[in-house]
There are 2 protein chains.
Amino acid sequence: MRIVAERAGVAVSSVSRVLSGHEDVSSVMRNRVLDAVAAIGYERDLLAQSLRTGATYSVGFVAIDVANPVIALNAAGAESLFRDAGYGLLISSSGGDPDLDLHYLRHFEQRRVDGMILSLAHENNPDTLALLRQLSTPLALIDRTLPREIPASAVLHDHATGIDAAVADLAGRGHTRFALVNGAPHVRPSKERARALRRAVRAAGGEPVTVKARAYSAEHGYTTTMSFLAARPRPTVLFVGGNQILAGALRALAEEGVRIPEDMEVVTFDKVALSDFLRPPLGFVTRDPRGAGRLAAELLLEQFDGAEPRTVTVPTAYEPAPR
Amino acid sequence: MRIVAERAGVAVSSVSRVLSGHEDVSSVMRNRVLDAVAAIGYERDLLAQSLRTGATYSVGFVAIDVANPVIALNAAGAESLFRDAGYGLLISSSGGDPDLDLHYLRHFEQRRVDGMILSLAHENNPDTLALLRQLSTPLALIDRTLPREIPASAVLHDHATGIDAAVADLAGRGHTRFALVNGAPHVRPSKERARALRRAVRAAGGEPVTVKARAYSAEHGYTTTMSFLAARPRPTVLFVGGNQILAGALRALAEEGVRIPEDMEVVTFDKVALSDFLRPPLGFVTRDPRGAGRLAAELLLEQFDGAEPRTVTVPTAYEPAPR
DNA sequence: GTCAGTTCTGGAATCGTATCCAGTCCGTCG
DNA sequence: CGACGGACTGGATACGATTCCAGAACTGAC
């Protein structure tokens, strides 16, 4: 910048004013500076800029696993918006470990990110909450809830819509015994799914729903499905809390020779690529993860512009198994 | 830092020395400073540190689409290593557009990242190459090649091993007419796959292989598969260049009522989650994307430590379709 | 006791930018 | 004609760290 200033024969401060689009700059000045900039091929240093202004033009995404298709789509959706706004997106994978949640929160804080998108592994972890309470960084949650005193925007999925439709379909065809292999217990999607499913089945006159929550893992899917299959009477509808779990659940069903849909119907959460070609035929409760990511980015950008945090609810839908 | 210094009754420079693990620090000094740091809960500002030292502890990942399972696994693999080393990973999605490649390269350059992982959309684009030539940032490529004068580490997949095994299996069962729905033409995987498949089929005495390269998209998969199905004589083996393409290819095969494996056998590149439960039954040429990402990160960290760029080749394998 | 050599410490400069403040110049109005 | 306000500009300072340099204190050797 100093070199540009010398070449243009003006002060450094004037160069800065031109480049940051300040008001009070004569057009002569502007041209001289811009010419010098073009001649040298100068670009402002984002780092120095950040140090001075406090804005880093970067956002951190705290997630359970970026390799999970749903989260990857969240990230891609957010990224597409941030790109146009000049923001960089930093990713992370906690692997479901609340300590890593904490690690990344601190890491991003230390990086002075302008905002964070949060899909925490554990939304009730006291250490995490304590840290968040003393953080002044704008936040956007994706399907998570925090205590009211922590200000944050949120994109929430209305899991009930999809689940209600699914239960209506299945109960209408005579099913009464439902089970749910749920994901990690301390996050909103699991809580909401269990709640919504229980309510819907009760409303439809079914028997109390069996729910086992543990983790978003194939192993949990396998062992828990096995235990459901061993129960007498067996449930006739199995809800599966996501892709990772589904892999294990399908393996268990195949090993036990369960015929689908004759012996049991299976509904899973989230469609991923190629879901249409999975056998056995599955029902799906779907959402729009790319859209949710984009929305979270939008809510964050809003806050950067001074808006208050707000919550947006987006729907889920039911897609019955092909017959 | 000044506050810490005052509280400890020492100079700012001494605080810095203690915190950056400098040699010449007495243990008295160290303790006084560390006590003060603990008392205040002070953390160094990474931004100011970066401005002064030139190291940002961040790495940019230029990729075609972070939502693609293979690339998401690359990212996750790299991230897990970077986490321990204290680096942050910035992501991007070019969507196959070479201009966005360029955009992100510039963006990351401006961010002064310490290194970049590159899965470019187009490895021959002159503008991209020109930029890379004048860049001094350490690079690690994932299955891409650049002109020799651009120094870069690389993780290369040996596509031939998996393809050779596949062709040996299929040719051994009498197949002679092979076709390949290939991905984007200007990147190494597509080039290598076409080359390796042609060579393997020729070696096995089959007919010349038909290859159509266009993009990593379902649409390309659909239309190109349709055109292959219309050919007379039809190929009896279809190789599919990746998940996105596969979605379109399977749709085309289903619409045309092609029986698999009776009428045609299908081999696709990369197994993704739930691949085991796809119908029709598919053969796979597999690689380890998470491992590749981790390796790329390793090669980059090596360079940060002063090592020269180097190239590592990792194998692919063949998994025949279940029968 | 002196001197050289270590070991440790403090002060100042620096990284590259944004912004406050003061000052110049000019036009306008009364 | 003087005062005033507005439009620009330059210089200095700050953001928060690292690092160079010089000096203080101490050690050991002669």
Side-chain angles (χ1 to χ4, degrees), chain A residues 1-37 40-58 86 88 106-114 136-137 304, chain B residues 1-37 40-58 86 88 106-114 136-137 304:
Chain A
M1 198 148 170
R2 215 190 48 228
I3 298 178
V4 172
E6 282 169 13
R7 187 176 176 113
V10 302
V12 176
S13 50
S14 296
V15 177
S16 172
R17 266 185 295 254
V18 170
L19 262 42
S20 50
H22 207 81
E23 290 291 295
D24 296 339
V25 181
S26 69
S27 56
V28 195
M29 168 73 77
R30 189 182 317 280
N31 290 335
R32 293 183 63 136
V33 168
L34 291 182
D35 286 352
V37 165
I40 300 185
Y42 161 83
E43 284 191 18
R44 272 186 298 179
D45 189 331
L46 195 51
L47 230 50
Q49 226 175 132
S50 299
L51 180 61
R52 184 59 233 253
T53 62
T56 57
Y57 284 88
S58 60
R106 272 201 264 265
H107 178 100
F108 291 147
E109 179 191 10
Q110 200 190 353
R111 276 208 132 71
R112 299 242 222 118
V113 296
D114 294 340
S136 58
T137 312
F304 298 164
Chain B
M1 197 147 169
R2 215 189 48 228
I3 298 177
V4 172
E6 281 169 13
R7 188 178 176 110
V10 302
V12 176
S13 49
S14 296
V15 177
S16 172
R17 265 184 297 253
V18 169
L19 263 42
S20 51
H22 207 81
E23 291 291 296
D24 298 337
V25 181
S26 70
S27 56
V28 196
M29 168 72 81
R30 188 182 318 279
N31 291 334
R32 294 183 61 135
V33 169
L34 291 182
D35 286 352
V37 165
I40 300 186
Y42 161 82
E43 284 192 17
R44 273 186 299 181
D45 187 327
L46 195 51
L47 230 50
Q49 224 174 135
S50 299
L51 179 61
R52 185 59 232 249
T53 62
T56 57
Y57 283 89
S58 60
R106 272 200 264 265
H107 178 100
F108 290 148
E109 180 191 10
Q110 200 190 353
R111 276 208 131 74
R112 300 241 223 118
V113 296
D114 293 341
S136 58
T137 313
F304 297 164

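In what follows, every chain begins at residue 1, and chains take the letters A, B, ... in the order their sequences are listed.
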**Report entry** Sugar-phosphate only, base, or nothing, as touched by A:V15 at under 4.0 Å among non-hydrogen atoms
**Finding:** nothing

**Report entry** Atom-pair distance (CZ on B:R32; P on C:dT9), nearest Å
**Finding:** 10 Å

Please report, to 0.1 Å, the donor-acceptor pairs under 3.5 Å made by any side chain of residues 24-31 of chain A, with sequence neighbours excluded.
| residue | atom | partner | partner atom | Å |
| --- | --- | --- | --- | --- |
| A:S26 | OG | A:M29 | N | 3.2 |
| A:R30 | NH2 | A:V25 | O | 3.3 |
| A:N31 | ND2 | A:S27 | O | 3.2 |

Report summary line: Separation of C:dC25 atom P from A:M29 atom CE, nearest Å, is 15 Å

**Report entry** For B:R52, all residues meeting side-chain hydrogen bond (donor to acceptor under 3.5 Å, both in side chains), sequence neighbours excluded
**Finding:** none

Query raised in the report: Who passes side-chain hydrogen bond (donor to acceptor under 3.5 Å, both in side chains) against B:R44, sequence neighbours left out?
Result: none

Report summary line: Rounded to whole Å, NE2 of A:H22 lies from P of C:dT17 at a distance of 18 Å

Under 3.5 Å, N/O pairs linking protein and nucleotides 11-13 of chain C:
| residue | atom | partner | partner atom | Å |
| --- | --- | --- | --- | --- |
| C:dG11 | N7 | B:S13 | OG | 3.4 |
| C:dG11 | O6 | B:S13 | OG | 3.4 |

Query - Span of DNA chain D in contact with chain B (heavy atoms, under 4.0 Å) - result: D:dG16 to D:dC20

Query - Results of salt bridge (Lys or Arg N to Asp or Glu O under 4.0 Å) for B:E6 - residues two or more places apart only - result: B:R2

Report summary line: The side-chain hydrogen bond (donor to acceptor under 3.5 Å, both in side chains) partners of B:S58 (sequence neighbours excluded) come to B:T56

Query raised in the report: Taking the side chain from B:S50 and the backbone from B:A55, do they hold a donor-acceptor pair closer than 3.5 Å?
Result: yes

Report task. Assign A:S16 to base, sugar-phosphate, or nothing according to its heavy-atom contacts below 4.0 angstrom with the strands shown. Result -> base

**Report entry** Upstream residue (5' side of DNA chain C) when B:A48 and B:V10 are each assigned their closest nucleotide
**Finding:** B:V10

Query raised in the report: Just wondering, are more than 12 heavy atoms of other shown residues or ligands nearer than 6.0 Å to CD1 in B:I3?
Result: no

Report task. Answer yes or no: does atom OH of B:Y57 have more than 12 heavy-atom neighbours from other residues, nucleotides or ligands under 6.0 Å? Result -> no

Query raised in the report: Who passes ring-ring contact (aromatic ring centres under 6.0 Å, His included) against A:Y42, sequence neighbours left out?
Result: none

Query raised in the report: Are OP1 or OP2 of C:dT17 and a side-chain N or O of A:S20 less than 4.0 angstrom apart?
Result: no

Report task. Could you tell me the separation between the CG atom of A:L51 and the C1' atom of C:dC15, rounded to a whole number of Å? Result -> 9 Å

